[in-house]
Participant: 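Right, I'll just put the structure down here and ask away after.
Sequential numbering from 1 along the given sequence is applied to the chain's residues.
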Amino acid sequence: MTRPHTPASPSGTRGGTGVGRPGVVWATPAAVFFGLFAIVPLVLVAVLSFASWNGLTDPQFVGLDNWRRLFDDPVLLQSLWLSLLLTVLGVAVQTPLSLLLGVWAAGHQRNRAVLSAVYFVPLLLSAAAVSILWRAVLDPNFGVPAEATWLFGDGNLFGHQTSAIAVLVFVSTWQYTPLHTLIYQGAARAVPAVLYQAAQIDGAGTVRQFFHITLPQLRNSIITSTILMVAGGLTTFDTVLILTQGGPGTDTTISAYYMYQKAFKSFDYGSASAIGLLLVIVATVISLVMVRLSGYDKMRSQMEGL
């Protein structure tokens, strides 16, 4: 009895899977890009943080002098606190808003598609354009506050720390909530309908279905969204640059903006590099803690049958 003929696999494949090249070949362009534009600059910044350089003359090695001066600088410590404060406020405000809007947008309400499209418009604009827009709208002389003194008092929202921070949180929420809404919308649509059908049979209403079905099923998406918010909050720069310029005084000078001042106003690139490296370390530590505490590194699909 002759053995049936089996067609030969294409050249370079394994097991006839149709993969013509090893995975490392396909990953090489992304790895090279990441190395050139992420790893190499980070290494150069780390080296420069131990040097004194004004951008013109040759860098001079100064050891830990930049780091000693930074940790004795009250503005740096305040900037780190403000960065963390804006990040926490952003997460606290954006998470419930985007979660509720995302679940709503995943439904089949009338005119839902049109309203969702309009709502996502801020996501299409750059942070600089959004900041310029709100700077004009909230101008204390010609903007809305000047016409509604009964609500805004003297109208100078950028002249007080509390109101300036509130403006930064509001503008960031207005622009970036649609992104996280989109994440929750996609996740909510992936929740099996059979779960809701079973809940309805058991007599569960809309509120109980949200807290006992929707919210647990969106756990992984909530973790992902929160990590993105933290990363974005710690690296916010252009919004502060355009809206408050770090003022009044240094009341809204966050770490990223303080790094900009050190580098491009004081021409102290060594200290600016130390601030940048410190910000990377802080963001990495926070992200790792979140990953560990939330179980993000062991994430598994919660969809039925997976």
Participant: Please confirm whether the backbone N or O of Thr253 pairs with a side-chain atom of Gln78, one donor and one acceptor, at under 3.5 Å?
Facilitator: no

Participant: Decide if atom CD of Glu147 counts as having more than 12 heavy atoms of other residues, nucleotides or ligands within a radius under 6.0 Å.
Facilitator: no

Participant: If only atom types and distance count, is the side chain of Ser271 paired as donor or acceptor with the main-chain N or O of Asp268 below 3.5 Å?
Facilitator: no

Participant: Between Thr244 and Ala164, which heavy-atom pair has the shortest distance, and what is it?
Facilitator: CG2-CB, 4.3 Å

Participant: Does the side-chain hydrogen bond (donor to acceptor under 3.5 Å, both in side chains) test come out yes or no for Tyr196 and Thr214, once each step is laid out?
Facilitator: CA-CA 9 Å; Tyr196 296 105; Thr214 306; 2.6 Å; yes

Participant: Do Leu123 and Thr181 touch side chain to side chain, with heavy atoms closer than 4.5 Å?
Facilitator: no

Participant: Using side-chain heavy atoms (C-beta onward) and a distance below 4.5 Å, is Ser98 in contact with Met229?
Facilitator: yes

Participant: Would you confirm whether Thr250, through its side chain, and Gly246, through its main-chain N or O, come within 3.5 Å as a donor-acceptor pair?
Facilitator: no

Participant: Taking the inter-plane angle between the rings of Phe37 and Phe33 on a 0 to 90° scale, is it parallel (under 30°), tilted (30 to 60°) or perpendicular (over 60°)?
Facilitator: tilted

Participant: Under the 3.5 angstrom rule, does the side chain of Ser49 hit a backbone N or O of Ala46 as a donor-acceptor pair?
Facilitator: yes

Participant: Do Thr177 and Tyr119 come close enough that some side-chain heavy atom pair is under 4.5 Å?
Facilitator: yes

Participant: Report yes if the side chains of Trp67 and Leu277 come closer than 4.5 Å at any heavy-atom pair, otherwise no.
Facilitator: yes

Participant: Strictly distance-based, threshold 3.5 Å: is any side-chain N or O of Thr95 a donor or acceptor partner for the main-chain N or O of Val91?
Facilitator: yes

Participant: Side-chain contact test, heavy atoms from C-beta onward, threshold under 4.5 Å: evaluate it for Val169 versus Val93 and give yes or no.
Facilitator: yes

Participant: Could you tell me which non-hydrogen atom of Met290 sits nearest to which non-hydrogen atom of Thr226, and how far apart they are?
Facilitator: CE-CG2, 3.4 Å

Participant: Quick check: do Leu243 and Ile132 have side-chain heavy atoms less than 4.5 Å from each other?
Facilitator: no

Participant: For Asp73 and Val75, indicate whether the former's side chain and the latter's backbone hold a donor-acceptor pair under 3.5 Å.
Facilitator: yes

Participant: Evaluate the side-chain proximity of Phe237 to Ile254: yes if any heavy-atom separation is below 4.5 Å, no if none is.
Facilitator: no

Participant: May I ask you to decide if Val191's main-chain N or O and Gln217's side chain share a donor-acceptor pair within less than 3.5 Å?
Facilitator: no

Participant: Ring-plane angle category for Phe264 and Tyr269, please: parallel below 30°, perpendicular beyond 60°, tilted otherwise.
Facilitator: perpendicular

Participant: What about Leu85 and Tyr257, same hydrophobic cluster or not, with Ile/Leu/Val/Met/Phe/Trp/Tyr joined at side-chain heavy-atom distances under 4.5 Å?
Facilitator: yes

Participant: Between Asn66 (side chain only) and Ala51 (backbone N and O only), is there a donor and an acceptor less than 3.5 Å apart?
Facilitator: yes

Participant: Does the plane of the ring in Phe170 sit parallel, tilted or perpendicular to the ring in Trp134? Use 30° and 60° as the thresholds.
Facilitator: perpendicular

Participant: Could you tell me which non-hydrogen atom of Pro59 sits nearest to which non-hydrogen atom of Leu48, and how far apart they are?
Facilitator: CB-CD1, 4.5 Å

Participant: A quick test of your reading: do over 12 heavy atoms of other residues, nucleotides or ligands sit less than 6.0 Å from CH2 of Trp174?
Facilitator: yes

